[in-house]
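To start, the structure under review is shown below, and the notes come after it.
For ligands, and for the atoms within them, numbers begin at 1 and follow the listed sequence. Remember, it's a predicted structure, so these values are computed and weren't measured experimentally. Note that these values count all heavy atoms, side chains included, but never hydrogens, waters or copies made by symmetry.
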Amino acid sequence: MIGVSCYSLFFRGAIVVRVWLLVSMCICLAGSFGVYSTFGDTSKLSEEERGRGRLVELRAEIARHDDLYYRKAAPEISDADYDALKRELHRLEELYPDLQDGLLIVDEIGDDRSGVRGEFRHFAPMLSLEKAYTEEALLSFYDRVLSQLTFEELDCLVEPKVDGMAISVLYERGEFVRAVSRGNGRVGEDVSENVLRIEGLPRRLETESPPERVELRGEVYVSFEGFRRLNEARVAAGEEPFAHPRSLAAGSLKLDDPEVVSERSLSIVFFGYGAFEPVEEAPETQSGFYGLAQSWGIPVLEELRKTRGTEALLAAVREMEERRVLYPFPMDGAVVKIDRADVQRELGLGTSAPRWAMAYKFAEKRVETRLLGIRIQVGRTGLLTPVAELEEIRLGGSSIRRASLHNGGVIERMDLRIGDVVYLERAGEVIPNVVGVNLAKRKSSSTKYVFPDLCPSCGYAAELDEGRVERYCRSSTCPAQAQRKIEHFASSRAVGIEGIGPAKIADLMDAGLVETVADLYLLEVPDLVQAGVGSEAVARKLVSEISGSRAASLWRVLFGLGIPEVGVSRSKKLAAAYGDLAAFARASALDFSPGGRAAEVGFGPVAREAVLAYLSLDENRELIGRLVELGLGARSEVMDTRSEVAGTIFVFTGALEGLSRKEAMALVEAAGAETRSAVSSACDFLVVGKEPGAKLQKARELGVEVIGLEKFRRLLGL
Ligand SMILES: [Zn+2]
């Protein structure tokens, strides 16, 4: 087992490999001296021998989890479990300090480098934070600082701890130079191209007198709203949803395609700095840093609390924990920093963390519940996804009965069995995740779960994919796939037909009225009433909604078709290249070669082949032909794909200063975007003027971004 792991990690050539080799060497050596043997009889070992053996084991295990977390952005265990391993290790290291002699120290910070990107040394080390799990531990940190420096009291700054991916952004003389991942804390990886795609990060600091050099330290993260939207789109596209906003943020920064990064709704926020030159100009306090960075146009943390004394400190931390669910981004604790920079410098840095800051981690939300069954869902692409049916349980303020198990590999790895008591975590407050099995509560009669090899919807053989992890139903007449395709087409990310969800689509299919999306446009009011979708009024509204969606922009129709590899941004490019759906239907390989109609879209071979393969199938060409006849995809508005807002939808409320409503709408259209009169979940922005109406409330409820006139002008490049 250990030998195999060494081998598979070997070519990544990084620190973890070193640790693994040393650990396995150490086990061999120790074994030959009879101290600890992985194969020997352990029942006769003394407590000390077991402790020493466990210590070596723990280091190897932590190194493996570090590799999964930092380098592959695919953690297998929760933060709480990981931290528990770390605590156990530290306890043992204190007991057996002789084993702590340099050679075997697992890098505290981990290492996120993949070895395929350019590497840069940080000017100032990029460290981790020491963590406190109890209020006592937090207070003892504060007391330690006071007694060490003989202060009566000191100001502390309490900040929310954003759960994302750490980033260091270097500016020299006010100009963006590069963005580097934490790496091993000394050397990180260049992720500039991807970070520059994040909205709100200036290429130039807004100041006349920038420092010679400043390394801004912060976090790239995905808001819950962005996470939810993205996962909805992925599920609709038959893809596996992301498990946690943090792994989404970390994974996105490692992508090779900045176009895809743009679609990942990444945000960035800063809360400190590394190098600052000349150092005399560095802010005198942590709170001073925030004021300075804000004046430079740098996005910084909000909701900070300045405290003095232990009571105020505890109150601030408790308040933050109580308000945890209200934050729009994942946060897993509060960070307490000594405010004064001179005191920070005096305290200095430890090997892996500064001595002037402490992260107070909130308790994880984890519960136990019973796995009642496993339901297999069939996605739009035929992907079979297992879903856990759970005994209803409250977690993080809502009741949960279902959780995605992602794929058969996950079930196998956990050896999940029906009837098991499982651990459920609410990862990032959004998606409940089954993270393990309580084996102590397993019934002896339980049997291993066997993943079905037939599609539950059509009974067709479900084949394993090349990676032998996912199973797909490849039937072209699978009813479940047909339904998912219609759901995707009608979704707000595509043509946006309001009032038609999975249940109504199922009714219409069961009644034999609808087989493909084109059939939707032939529906009449009596059909709908007969199919049981609702009253005549409901049916009338639905027919008018469906009819209205004929006017959707071409890119929305193209995206709605669900062509593999073609997401929102590629749909927009195709729409700009072809102008209408009929022209797209005639697309050929020649179009993509130099001088061709679609030469400018810049697709790689995979996306290009996916488009052509899609168009080569009779059933797809027939569907597009029908949609063209029905008048879809005919909107040939000039799409300026360079505009940041092309393809988005704006709604206005209230009076806009110095701009009539008509002028504002014309500006939106000129930028390749659309306007609507009412707020719906399909809208992207609500522009708020003086005395806004009820639309504002509605937009907030639906999570539509609310912007002022200033941001509106900026978005449109005015
Ligand atoms: Zn099927």
If you count heavy atoms of other groups shown closer than 6.0 angstrom to NZ of K443, is the number above 12?
no
Salt-bridge test for R402 and E389: reply yes if a basic N is under 4.0 Å from a carboxylate O, no otherwise.
yes
Are there any protein N/O/S atoms under 2.8 Å from the Zn ion (ligand 1), and if so, which?
C455 SG, C458 SG, C473 SG, C478 SG
Is the shortest distance from a Lys or Arg side-chain nitrogen in E536 or R540 to a carboxylate oxygen in the other one below 4.0 Å?
yes
So, E487 and R484, do they make that salt bridge, N to O below 4.0 Å?
yes
Taking only Lys NZ, Arg NE, NH1 and NH2, and the carboxylate oxygens of Asp or Glu, determine whether D507 and K504 approach each other closer than 4.0 Å.
no
With a sphere of 6.0 Å drawn around CD of E263, does it hold more than 12 non-hydrogen atoms of other residues, nucleotides or ligands?
yes
